[in-house]
Number of protein chains: 2
Amino acid sequence: MAMLMIGELARRTGAKVNTIRFYEDIGLMPLAARTDSGRRTYGEADVRRLKFIRNGRELGFSTEELKSLISLSEQPDRDCGAAAAIARRHLAGVEARMARLALLRTELEEVAFNCDGGHMADCQILEAIAEAGSR
Amino acid sequence: MAMLMIGELARRTGAKVNTIRFYEDIGLMPLAARTDSGRRTYGEADVRRLKFIRNGRELGFSTEELKSLISLSEQPDRDCGAAAAIARRHLAGVEARMARLALLRTELEEVAFNCDGGHMADCQILEAIAEAGSR
DNA sequence: CTACATCCTCCAGTCTTTGGAGGATCAAGC
DNA sequence: GCTTGATCCTCCAAAGACTGGAGGATGTAG
C-alpha cells in the first residue's frame, strides 16, 4: 500500500503538520516509521486513528481520554464497560452545557430581529448570556 | 454599600481568586479600587460583571469576545447589531458541535446497555466517536 | 542544475487558567 | 501587646493543546 508523508496525512485529516508531530510527542499517535532520510511515513490505519482523534477533540474529549479509549480499543478482550464509563463521564459534563447553549440560541433567535436596529441600552443579548446559566 | 474583598467576590461568582486577578490583568475586569494597604475592593457591579464573564466563558465565548460585548454595553447609544453579530458568529460555530454531540449522546445511550458486559472488539462507542463528525 | 515544496528538529509563543513561594496585613483570642 | 490563622499582595511557573517560525536537509520537476 502507498505510504503517506506527513503533509498528505494532514490534508486527509484536517490536522496541521505540527499538530501531528505534537500528537506523536505526547503518545497520542504512535511513533511513525521513517524513510531512510528520516521522513515520517503513514498508512491507512494512521488516517483512521487521526480522524478519530480530531473528531474526539472537537467533541471535547481530552487527549488523555482519547489515549485511554485508543489503548482500550487495542485490547479486544477487555471489558467494554471502561470505554463506556469514559464516554459517559465526559458526556455528563457536556449535557449541561448543551442545554444552556440551546437556551442561549433560542433567546438569541428571538432577539436578533429587534436588535438589528436597536440600541445597546435595550439589547437583550447581554442579558441572555448573563442569565443562560441561572436556568 | 459594603465593599467586598477579592475572596468574597470569588465565593459569590465561583471564580478563583487568581483568575479574577488575571481578568484584571488582561482588562476583562476593570482595575479594582484598593484599600490603603493595597487590597482590591469590589462592589455589586463587579459581581454582575464577573458572573457575566464566567457564564460567557462556560458558553465558549473567548475573553476577547466578552471584552467586545462588555465595551459595547458601555456605550448605550451604539448599535446593538454589533453585539448580535458577535453572538451569532459564535453561535454558528457552536451549533454544529451541538448537533454532533447530540448525535453522539444518542448513540451512546443506545449502546450503553449492550456494552456493559461486552468486549472491546464489539464496542460501538469508538465508532460512535469516530463517525460523529462524518454525519 | 536550479527552483521550490516539503520535510526535519528545536524552540518560543498563544490562551486561559491554576497553583505556589515568599511576604504583608487583618481580625480574634489570650 | 502578641500570637495565630486567614486572607491578601506580587511574581513566577506550569498545564493543556496547539501554532508558528528559524535554520537546515531532502525530494522532485523543469
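To find a chain, count down the sequence lines: A is the first, B the second, and so on, and within it residues start at 1. No experiment lies behind these values; they were computed from the predicted model shown. No hydrogens, no waters, no symmetry mates; every other heavy atom, side chains included, goes into these values.
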Exercise for review: Could I get the full list of salt bridge (charged side-chain N to carboxylate O under 4.0 Å, His left out) partners for Glu8(A), not counting sequence neighbours?
Suggested key: Arg11(A), Arg12(A)
Point to revise | Partner set under side chain to side chain donor-acceptor pair (under 3.5 Å) for Arg39(A), not counting sequence neighbours | key: none
Review point. Taking only residues two or more places apart in sequence, or in another chain, which ones meet Lys16(B) in a side chain to side chain donor-acceptor pair (under 3.5 Å)?
Key: none
Over how many whole Å does the gap from [X] atom [atom1] to [N] atom [atom2] extend?
| X | N | atom1 | atom2 | value |
| --- | --- | --- | --- | --- |
| Asp36(B) | dC26(C) | CG | C1' | 13 Å |
| Glu24(A) | dA17(D) | CD | C1' | 17 Å |
| Met5(A) | dT28(D) | CE | C1' | 13 Å |
| Tyr42(B) | dT7(D) | OH | P | 16 Å |
| Asp25(A) | dC18(D) | CG | P | 13 Å |
| Arg34(A) | dG27(D) | CZ | P | 13 Å |
| Leu50(A) | dC18(D) | CG | P | 10 Å |
| Met29(A) | dA17(D) | CE | P | 16 Å |

Revision key, fill the gap. With sugar-phosphate taken as primed atoms, P, OP1 and OP2 and all else as base, the protein-contact string of nucleotides 11-24 of chain C at under 4.0 Å (heavy atoms; B, S, -) is -----BBBBB---B
Review point. With the threshold set at 4.0 Å, does a side-chain nitrogen-carboxylate oxygen contact exist between Glu44(A) and Arg49(A)?
Key: no
Practice item. Hey, could you give me each pair passing ring-ring contact (aromatic ring centres under 6.0 Å, His included) that has a residue in residues 54-86 of chain A? Not counting sequence neighbours. Key: Phe61(A)-His90(A)
Point to revise | Residue pairs, two or more places apart or on separate chains, that pass ring-ring contact (aromatic ring centres under 6.0 Å, His included) and touch residues 4-43 of chain A | key: none
Practice item. Look at the side-chain N and O atoms of Arg40(A) and state whether any lies under 4.0 Å from the OP1 or OP2 oxygen of dC8(C). Key: yes
